[in-house]
Structure formats: C-alpha cells, structure tokens
Amino acid sequence: MKIAFFSAKKYDIDFFDFANKKYEFEIKYFETRLNEKTTILAKNFDVVCAFVNDNLNSEVLKNLKENGTKLIALRSAGFNHVDLDSAKKLGLRVVHVPKYSPYAVAEHTVALILSLNRKIHKAYFRVKENNFSLDGLLGFDLYGKTVGLIGTGKIGRIVANILKGFGMNILGYDKYPNNEFSGKYVNLDTLLKKSDIISLHTPLNKETYHIINKENIRKMKNGVMIINTSRGGLIDTKAVIEGLKSKKIGYLGLDVYEEEENIFFEDLSSEIIDDDTFVRLTSFPNVLITGHQGFFTCEALTNIAETTLENIYNYKNNTLNKNIVV
Ligand code: NAI
C-alpha cells in the first residue's frame with residue numbers, strides 16, 4: 001500500500017515512522033496541505049492520509065479518485081472537512097481515528113480555564129521582567145461555580161469529571177444524553193443562563209454551526225467565560241468580539257478558530273496576518289488562544305499513528321469493520 005501523507009510535520013513523521021515498523025507501508029510525506037492544487041502529488045497512491053486543515057471537497061475527491069486513490073485515512077476524529085456525499089458517490093472509503101486521547105483535549109480545556117482565570121499567561125511575562133505586582137491578576141474560585149458543557153461525549157464527560165474535582169456544579173446539554181455524564185442535563189437556554197463558564201464539546205454540523213451567536217450570548221451571565229476546544233465554526237467570531245467589547249463576555253479561551261486553516265500549524269512570526277478578525281481577537285487582554293494543540297500529547301500522537309496504520313492494514317486485508325466514516 002502506497003500512502004500519500006499530507007500536512008506532514010516533523011512530529012507526525014517521527015510517530016508514524018515508529019508505528020510503521022510493524023507494517024512497513026511505503027509512506028511519502030508531503031509538507032503541503034491537500035487542496036485542489038496539490039492533489040496531483042497523490043497520483044498513483046492507494047491511500048491519502050489527511051489532517052484537519054486539509055481540504056477534501058468534491059473537486060479534490062474527484063481528482064483523487066481519477067488519480068487512483070481508494071482510501072482516505074483521516075488522522076483526526078472530526079470529518080467536517082470532507083465532503084462525505086461526494087466520497088460516497090465516488091466510492092471512496094473514508095476512515096478516521098474516533099478516539100485517540102479524549103484526556104488530551106479535556107485536560108487542555110481545563111488548562112485554558114485555569115490560565116484565563118488566574119492570568120498565568122500574563123504572570124509569566126511579568127515575573128520574567130521582575131514585575132511582581134498583582135494588579136490586574138485577580139481571579140475567582142472555581143469551587144461552587146457552575147460550568148455548562150455543550151456536548152457531553154467522550155471529551156465533555158472527562159471535562160465534567162475533572163471539574164467536579166474542583167467542586168464545580170456541572171450542567172450539560174446534548175442532543176443525545178449519555179448515562180455516564182456526571183453532571184445534570186438541562187436545556188440549552190438554562191445552561192446559557194446559569195453557567196459561569198461555558199465549554200463547547202460538540203462536533204461541527206449544521207445544527208451546531210454558530211451555536212454561540214449574538215442571540216445566545218445575550219442569554220448568558222455577564223462576565224461569562226467561553227471556552228472552545230472543539231471546532232471554530234461553533235462560534236460566530238464577530239458576535240463574540242461584540243460580546244467582549246461590551247464586557248458581556250469576560251473571558252474567551254480558544255484552541256480552534258473558524259478560519260484557522262490559513263493560520264494554524266505554521267510559523268507565521270515573520271509574516272503579516274491579514275485576517276483582521278483574528279488579529280482583533282488577539283488584541284483583547286482576556287482572550288487566550290492556542291493553535292489547535294488540544295490533541296498534542298505523546299499518548300494521542302501514538303494512538304493516532306497506530307490506529308491510522310491499523311485502519312489502512314484492515315482495509316488492505318478486507319478486514320475493515322470499525323472506524324469507517326463512509
Ligand atoms: P463525541 O462524538 O464523543 O461527542 C460529541 C457529543 O456531541 C455527543 O455526545 C453528541 O451527542 C453531541 N452532539 C452532536 N450533535 C449535537 C447537537 N446538534 N447538539 C448538542 N449536542 C450534539 O466527540 P468527542 O470525542 O467528545 O469530541 C468532541 C469534539 O472535540 C470533536 O467533534 C472535535 O471537533 C473536537 N476535537 C478537538 C481536538 C483538538 O485538538 N482541539 C481534538 C479532538 C477532537
């Protein structure tokens with residue numbers, strides 16, 4: 001099996017080469033993202049391995065099919081970047097890694113909450129400059145406060161368990177409630193109204209697109225903290241910026257951003273960022289952004305590499321019976 005591996009970073013190559021010792025597949029790593037212009041690189045490869053910001057729209061899929069691709073092996077849980085209807089019509093099999101480390105993302109979510117609340121990102125730079133003033137670093141006890149989790153799947157439930165340990169009241173809203181959720185289910189309006197912290201853990205789909213919008217922000221507590229480690233499209237960024245300006249939103253922690261595909265995963269420190277909305281977000285003192293690193297732990301990268309290669313192995317041997325998207 002020949003694998004064309006897009007958006008390859010050094011850490012991907014390290015973890016995949018290690019896991020591939022078991023399979024010895026031929027993997028060609030391409031640093032570039034997959035899009036209409038780069039599909040040609042995958043010519044005559046059986047498998048295309050793609051990540052979250054690769055673009056698998058209908059045109060890309062059509063080109064891949066014509067060039068001999070049979071399997072799209074996503075090394076992500078989410079598949080909102082794939083035109084699944086087109087893949088189905090073209091007879092392209094798509095597999096993913098449904099669970100690699102929900103702990104990684106859940107722990108990063110809590111890291112954002114704690115850092116924003118106690119202003120660790122500011123304290124770090126102050127102390128480096130021998131500025132030991134506490135002005136502006138005032139936080140609040142998490143104990144006794146209410147967190148609302150929108151989405152109580154694998155990640156949301158772990159966040160609930162961790163924050164329970166802090167003595168928080170846990171509310172949850174989910175289209176498909178789960179018995180293992182350790183908090184209390186309420187409807188979305190109640191969650192928006194009662195939560196001091198709101199954290200997003202649903203996939204991005206037609207129903208969840210811009211679930212944090214002007215109307216829903218209006219229902220929230222003054223000074224609410226919003227955390228998004230799921231997908232950028234869950235938040236209407238312009239509405240959130242208005243909420244920050246009016247001080248309705250007191251804190252914003254993001255690991256994902258709607259237009260992140262043009263920004264994240266690259267070193268742009270010498271470039272001019274021409275996304276004015278993103279630059280406006282970074283200008284707020286109460287906004288903390290990380291560049292889609294929730295998944296980035298040793299355990300998660302090991303699981304991603306092992307599961308992706310196992311998916312490909314099972315496909316090759318006609319034993320694929322799990323992790324199928326279409
Ligand atoms: P999951 O599939 O276990 O849970 C998602 C939950 O959302 C389910 O309980 C489902 O019922 C609920 N849901 C679906 N549609 C809904 C709707 N319309 N309204 C309310 N609830 C709805 O997924 P998991 O593993 O917990 O991941 C959650 C999200 O985290 C993923 O979809 C992905 O976008 C994101 N993620 C982010 C990573 C990062 O590095 N920042 C890494 C991995 C995942």
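Just follow the structure's listing: the first ligand is 1, and inside any ligand the first atom is 1. We use all heavy atoms of the structure for the numbers below, so side chains are in, but hydrogens, waters and symmetry mates are not.
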Considering only non-hydrogen protein atoms, determine which one is nearest to [atom] and report residue, atom name and distance to 0.1 Å.
atom: atom 26 (O) of ligand 1; answer: Ile155 N, 2.8 Å
atom: atom 4 (O) of ligand 1; answer: Gly153 CA, 3.2 Å
atom: atom 40 (O) of ligand 1; answer: Phe295 N, 3.0 Å
atom: atom 17 (C) of ligand 1; answer: Thr208 CG2, 3.6 Å
atom: atom 28 (C) of ligand 1; answer: His201 O, 3.4 Å
atom: atom 1 (P) of ligand 1; answer: Lys154 NZ, 3.8 Å
atom: atom 18 (N) of ligand 1; answer: Glu207 OE1, 3.0 Å
atom: atom 14 (C) of ligand 1; answer: Pro203 CD, 3.6 Å

Ligand 1-proximal atoms of [X], by part, heavy-atom distance under 4.0 Å:
X: Asp174; value: both
X: Tyr100; value: side chain
X: His292; value: side chain

Would [X] count as a contact residue for ligand 1, given that I'm defining contact as a non-hydrogen atom of the residue lying under 4.0 Å from a ligand atom?
X: Tyr173; value: yes
X: Ser230; value: yes
X: Asp255; value: yes

Mutual orientation of the aromatic rings belonging to Phe295 and His292 [parallel < 30°, tilted 30-60°, perpendicular > 60°]: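 Answer is perpendicular, since the angle exceeds 60°.
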Parallel, tilted or perpendicular, as decided by the 30° and 60° cut-offs, for the rings of Phe296 and Tyr11: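 Ring orientation of Tyr11 relative to Phe296: perpendicular.
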Taking 4.0 angstrom as the limit and counting only heavy atoms of [X], give me the atoms of ligand 1 inside it, by number and element.
X: Gly294; answer: 40 (O)
X: Tyr176; answer: 11 (O)
X: Val105; answer: 38 (C), 42 (C), 43 (C)

Identity of the nearest option to [atom], non-hydrogen atoms only, from [options]:
atom: atom 15 (N) of ligand 1; options: Asn80, Thr202, Asn205; value: Asn205
atom: atom 37 (C) of ligand 1; options: Ile158, Thr229, Ile304; value: Thr229
atom: atom 33 (C) of ligand 1; options: His108, Lys206, Lys175, Arg231; value: Arg231

Is it true that [X] and [Y] make a salt bridge, defined as a side-chain N closer than 4.0 Å to a carboxylate O?
X: Lys154; Y: Glu180; value: no
X: Lys70; Y: Asp46; value: yes
X: Lys62; Y: Glu66; value: yes
X: Glu266; Y: Lys9; value: yes

Side-chain donor/acceptor of Thr297 to backbone N/O of Ala300, under 3.5 Å: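 Judged by distance alone, yes, a pair lies under 3.5 Å.
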Any donor-acceptor N or O pair under 3.5 Å, side chains Lys219, Asn216: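 Judged by distance alone, the side chains do pair up.
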Joint cluster assignment, Ile13 & Tyr23, ILVMFWY side-chain distance < 4.5 Å: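 Per the 4.5 Å side-chain linkage, Ile13 and Tyr23 are co-clustered.
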For Leu137, the rest of its hydrophobic cluster, which grows through side-chain links under 4.5 angstrom: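 Under the 4.5 Å side-chain rule, Leu137 groups with Leu134.
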Test side chain to side chain contact (heavy atoms under 4.5 Å, CB included) applied to Val47 and Phe25, step by step: CA-CA 11 Å; Val47 183; Phe25 289 130; over 6 Å; no
side-chain contact (heavy atoms from CB on, under 4.5 Å) partners for Ser76, two or more places apart: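 Only Phe51, Val52, Leu74, His81 meet the side-chain contact (heavy atoms from CB on, under 4.5 Å) criterion with Ser76.
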